[in-house]
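Following: one structure in structure tokens, then a few remarks.
Hydrogens, waters and symmetry mates are skipped; everything else that's a heavy atom, side chains included, is used.
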Amino acid sequence: FDDNTHSQWKPFTAGCDIPSLNKLLIPLGASFSESKVVSGVSPVAGFSSIGFSSGNTIHSFPKIGKVYNGYFCEVTSPGKTGTCDYHPILGLSDVGIGKLFLFGDYYYYFEVV
């Protein structure tokens, strides 16, 4: 609800600025791929299936962390897919005194099927 217009708004959100995100993540030893986008439905990290509509894969992650892969297809252009293979999309790690959770850049909230 917007107090200024006194109306209900539905925000439009999609994608993000991967290079800027990577600037924040690189000091922690992590980054997203800036060129590889995948989509599909696959079991990941013990879930029966996770729908991944369209998102970037994990490019680098701390060695002490755990990275989970799913079987997804590369998106070659809108609505078209290319080669299918296992791709890293979820990472969990201890970083300093905190935790790092990285889930592929996502334009649409994931759902557990």
Side-chain angles (χ1 to χ4, degrees):
F1 184 78
D2 180 36
D3 289 333
N4 294 318
T5 63
H6 300 285
S7 62
Q8 187 70 35
W9 285 18
K10 291 185 181 178
F12 176 78
T13 58
C16 72
D17 182 355
I18 294 295
S20 293
L21 254 181
N22 282 344
K23 285 181 184 177
L24 294 172
L25 292 169
I26 286 172
L28 301 174
S31 67
F32 286 112
S33 168
E34 293 186 24
S35 61
K36 190 174 288 187
V37 176
V38 298
S39 70
V41 176
S42 176
V44 176
F47 291 101
S48 58
S49 289
I50 291 182
F52 199 78
S53 294
S54 175
N56 292 64
T57 60
I58 294 173
H59 178 1
S60 61
F61 203 73
K63 300 273 186 234
I64 62 168
K66 178 70 177 160
V67 175
Y68 296 92
N69 296 305
Y71 192 79
F72 299 104
C73 300
E74 289 188 48
V75 177
T76 56
S77 62
K80 296 186 179 184
T81 57
T83 306
C84 300
D85 202 351
Y86 287 92
H87 298 278
I89 63 156
L90 174 65
L92 305 165
S93 182
D94 291 322
V95 178
I97 60 170
K99 306 277 184 193
L100 176 63
F101 175 86
L102 205 58
F103 187 68
D105 169 41
Y106 212 80
Y107 90 92
Y108 190 77
Y109 188 77
F110 80 93
E111 65 181 75
V112 177
V113 180

> What's the verdict on side chain to side chain contact (heavy atoms under 4.5 Å, CB included) for Asp17 and Leu21, showing C-alpha distance, side-chain angles and the deciding distance?
Replying inline: CA-CA 6 Å; Asp17 182 355; Leu21 254 181; over 6 Å; no

Return the minimal non-hydrogen interatomic distance between [X] and [Y], and the atom names on each side.
X: Cys73; Y: Gly82; result: CB-O, 4.2 Å
X: Ala30; Y: Leu102; result: CB-CD2, 3.9 Å
X: Val41; Y: Ser49; result: CG1-CB, 3.7 Å
X: Glu34; Y: Asn22; result: OE2-ND2, 3.3 Å

Examine [X] and [Y] and state if one hydrophobic cluster contains both, with Ile, Leu, Val, Met, Phe, Trp and Tyr joined whenever side-chain heavy atoms are less than 4.5 Å apart.
X: Ile64; Y: Leu92; result: no
X: Ile58; Y: Val37; result: no
X: Val95; Y: Val67; result: yes
X: Val38; Y: Phe103; result: yes

> Can you list every ring-ring contact (aromatic ring centres under 6.0 Å, His included) pair that touches residues 55-81, not counting sequence neighbours?
Replying inline: Phe52-Phe72, Tyr71-Tyr86

> Atom CG of Asp94 and atom CG of Leu100: how far apart are they, to the nearest 0.5 Å?
Replying inline: 9.5 Å

>> Given 3.5 Å as the limit, does a donor-acceptor pair link the side chain of Ser60 with the main chain of Ser31, or not?
In response: yes

